[in-house]
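In each ligand, atom 1 is the first atom listed, and ligand 1 is the first ligand listed. From a predicted model like this one, the values you see are computed outputs, not experimental measurements.
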Amino acid sequence: MAGTGSSSSGDVPLRVDTTVPHSARVWNYLLGGKDNYDVDRDAAERFRAMFPGIVNIAKADRAFLGRAVRYLTGEAGIRQFLDIGTGLPTMDNTHEVAQREAPESRIVYVDNDPLVLVHARALLNSSAEGACDYIEADLRDPASILERAGATLDLDRPVAIMLLGILHFVHDMDEATGIIARLLEAVPPGSHLVITHSTLDFDQGRTAQAEAQDDWNAKSANPMVPRSRADVLRFFDGLELVEPGLVSMTRWRPGETPWGEPEEVAGYCGVARKP
Ligand SMILES: C[S@@+](CC[C@H](N)C(=O)[O-])C[C@H]1O[C@@H](n2cnc3c(N)ncnc32)[C@H](O)[C@@H]1O
């Protein structure tokens with residue numbers, strides 16, 4: 001269904017619903033992008049007015065992506081990435097970080113938002129030595145994702161499965177763990193799982209974040225379920241969590257600064273290896 005509004009892409013493409021805010025477009029706005037509509041900008045500003053910390057969460061998530069992918073291409077020696085819930089292209093997309101470190105890296109992006117498909121060209125500018133593909137698919141259908149990803153990735157060799165900012169859209173815990181199990185089953189030991197996930201654990205009774213979250217859930221196309229540390233840890237069951245384990249997104253291998261550790265943001269992240 002097409003609606004009205006304006007984004008940098010001009011005409012509203014068919015199938016893009018501009019009557020309700022979508023997470024990919026709101027995230028794009030929070031990161032300073034232009035691929036969003038009035039309804040997304042209004043929702044983002046409303047969220048920000050209620051909980052200003054949301055902007056730092058979006059930036060911390062993106063910065064973590066860069067550090068995690070550099071770790072994976074470097075220390076972990078990974079050359080294949082399956083990035084599900086890619087979002088709209090922005091700075092330092094997975095293939096750009098990975099291929100800067102290891103040009104032969106192969107990346108498959110997956111998202112179910114039709115606007116991400118419209119902008120997918122920016123995700124396909126692979127290095128000559130590597131490869132990139134984009135699949136429009138739903139995380140809830142891992143079998144289809146794996147089958148199609150197999151055209152670009154060699155699933156007999158280690159793959160980093162990236163689930164950044166997406167598992168909180170799968171509300172049922174058993175469904176979420178089942179999806180992760182199915183994805184990990186298909187890849188060999190030495191593969192990695194990378195997760196970022198929203199949480200209210202840092203809200204410390206202030207409730208501003210919880211209220212903003214409820215407000216978003218009542219109005220958006222993608223209601224979310226923030227999870228506790230214990231629940232997010234369950235996603236890594238059976239895997240070896242890489243140091244420093246499951247931490248706030250700013251605290252995962254942040255690098256030295258003269259000011260000590262960065263402040264925590266209200267989002268967890270972790271990287272783990274399949275033994
Ligand atoms: C908050 S954005 C995160 C973008 C990026 N991974 C990052 O961390 O910067 C969430 C993305 O997940 C996508 N998404 C949500 N539910 C999905 C599903 N069931 N299947 C595929 N993609 C989904 C949305 O369209 C959106 O692009």
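At least one donor-acceptor pair closer than 3.5 Å links the side chain of R253 to the backbone N or O of E243. With hydrogens and angles disregarded, a donor-acceptor distance shorter than 3.5 Å links the side chain of T250 to the backbone of E263.
The closest heavy-atom contact to atom 9 (O) of ligand 1, among the options F64, W27, F169, comes from W27. Closest heavy-atom approach to atom 25 (O) of ligand 1 within the set D111, L167, N93: this belongs to D111.
The contact set between ligand 1 and A24, taken as ligand atoms under 4.0 Å from a residue heavy atom, comprises 25 (O), 26 (C), 27 (O). Shown in contact with S23 at under 4.0 Å from a heavy atom are these atoms of ligand 1, numbered in order with element: 10 (C), 24 (C), 26 (C). Heavy-atom proximity to L164, at under 4.0 Å, picks out these atoms of ligand 1: 3 (C), 5 (C), 6 (N), 8 (O). Close contacts of ligand 1 with A137, meaning ligand atoms under 4.0 Å from a residue heavy atom, involve 20 (N), 21 (C). Heavy-atom proximity to R140, at under 4.0 Å, picks out these atoms of ligand 1: 19 (N). When each atom of ligand 1 is checked for a heavy atom of D113 under 4.0 Å away, the hits are 25 (O).
Within the 4.0 Å heavy-atom cutoff, D61 counts among the residues contacting ligand 1. In this structure, A58 has no heavy atom closer than 4.0 Å to ligand 1.
For ligand 1, none of its N or O atoms has an N or O atom of G165 under 3.5 Å away. Geometrically, ligand 1 and L31 share no nitrogen or oxygen pair separated by less than 3.5 Å. Considering both main-chain and side-chain atoms, D83 never comes within under 3.5 Å of ligand 1 through any nitrogen or oxygen pair. Backbone and side-chain nitrogen or oxygen atoms of T196 are examined, and none is located within less than 3.5 angstrom of a nitrogen or oxygen of ligand 1.
In this structure, R48 CZ and Y29 OH are separated by 5.5 Å, a value rounded to the nearest 0.5 Å. Note that CD of E185 and CG of L155 are 12.5 Å apart. Values are rounded to the nearest 0.5 Å.
Considering all non-hydrogen atoms of both residues, L117 and R15 come closest at CD2-NH2, 3.8 Å. Residue P114 comes nearest to E136 through the heavy atom pair CA-OE2, 3.6 Å, listed as atom of the first residue, atom of the second, then distance.
Exactly one residue among L163, N112, V110 makes a side-chain contact (heavy atoms from CB on, under 4.5 Å) with L139. That residue is L163.
For N112, heavy-atom contacts with ligand 1 shorter than 4.0 Å involve the backbone as well as the side chain. Contacts between R62 and ligand 1, counted as non-hydrogen atom pairs separated by less than 4.0 Å, involve the side chain only. Here V170 has no heavy atoms under 4.0 Å from ligand 1, in either its backbone or its side chain.
Taking atom 19 (N) of ligand 1 as the reference point, the nearest protein heavy-atom neighbour is D138 OD1, 2.9 Å. Counting only heavy atoms of the protein, atom 11 (C) of ligand 1 lies nearest to G85 O, 3.6 Å. Of the protein's non-hydrogen atoms, the one nearest atom 20 (N) of ligand 1 is L139 N, 2.9 Å.
Between R106 and D154 there is no salt bridge, since no side-chain nitrogen of the basic residue lies less than 4.0 Å from a carboxylate oxygen of the acidic one.
Using cut-offs of 30° and 60° on the angle between ring planes, the pair Y268 and F202 is tilted.
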Counting only pairs under 3.5 Å, give me each side-chain donor-acceptor contact of residues 123-132, with atom names and distances, residues two or more places apart or in other chains.
from	atom 1	to	atom 2	distance (Å)
N125	OD1	H95	NE2	2.6
S126	OG	Q99	NE2	3.1
S126	OG	G130	O	3.4
S126	OG	A131	N	3.2
S127	OG	Q99	OE1	3.3
S127	OG	P103	O	2.5
S127	OG	G130	N	3.1

Checklist entry - Stepwise, does the side-chain hydrogen bond (donor to acceptor under 3.5 Å, both in side chains) test hold for T19 with D17? => result CA-CA 6 Å; T19 63; D17 182 356; 2.5 Å; yes
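By the rule that hydrophobic residues join a cluster once side-chain heavy atoms approach within less than 4.5 Å of another member, I179 and M173 end up as members of one cluster.
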